[in-house]
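Shown next, in structure tokens, is the structure this report addresses.
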Amino acid sequence: VAGKHARLQDSEERARAARLHRVILEGQELKASDEREIARLRQARDEVAGKHARLQDSEERARAARLHRVILEGQELKASDEREIARLRQARDEVAGKHAR
């Protein structure tokens, strides 16, 4: 009986050891899988960050170009207004001169 009990106990211990070994291997596989997934997600995050930075740079360049155009348009309008003011002053002076005569 003691021999059968010892063999049964050895068998159970081997089965327990085999289960433990399988669990350890599965854990290692899951860890490796998780690490690959983490690396993939980090890469995706970095790619998105890069695209965001490029987009932000592009938006800033577009904003700067718009601002430059507005400044140029403002300068053109100011010059146009100044020419118009000069023309109106000249017309006023001509009318005033005719009126004085």
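Reckoned from all heavy atoms, side chains included, excluding hydrogens, waters and symmetry mates. Just so it is clear, the structure is predicted and the values come from calculations on it, not from any experiment.
- From R14, atom CZ reaches atom CZ of R7 across 10.5 Å, with rounding to the nearest 0.5 Å.
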Take L72 and Q75, measure what side chain to side chain contact (heavy atoms under 4.5 Å, CB included) needs, and give me the verdict at the end. CA-CA 5 Å; L72 289 178; Q75 290 171 343; 3.6 Å; yes
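- Taking NE2 of H52 as the reference point, atom CD of E59 lies at 7.5 Å (rounded to 0.5 Å).
- Rounding to the nearest 0.5 Å places CD of Q43 at 10.0 Å from CG of L41.
- With rounding to the nearest 0.5 angstrom, the CZ atom of R42 is 9.5 Å from the CD atom of E35.
- If you take CD on E73 and CZ on R66, they are separated by 12.5 Å, rounding to the nearest 0.5 Å.
- A salt bridge does not link E60 with R63: none of the charged nitrogens is closer than 4.0 Å to a carboxylate oxygen.
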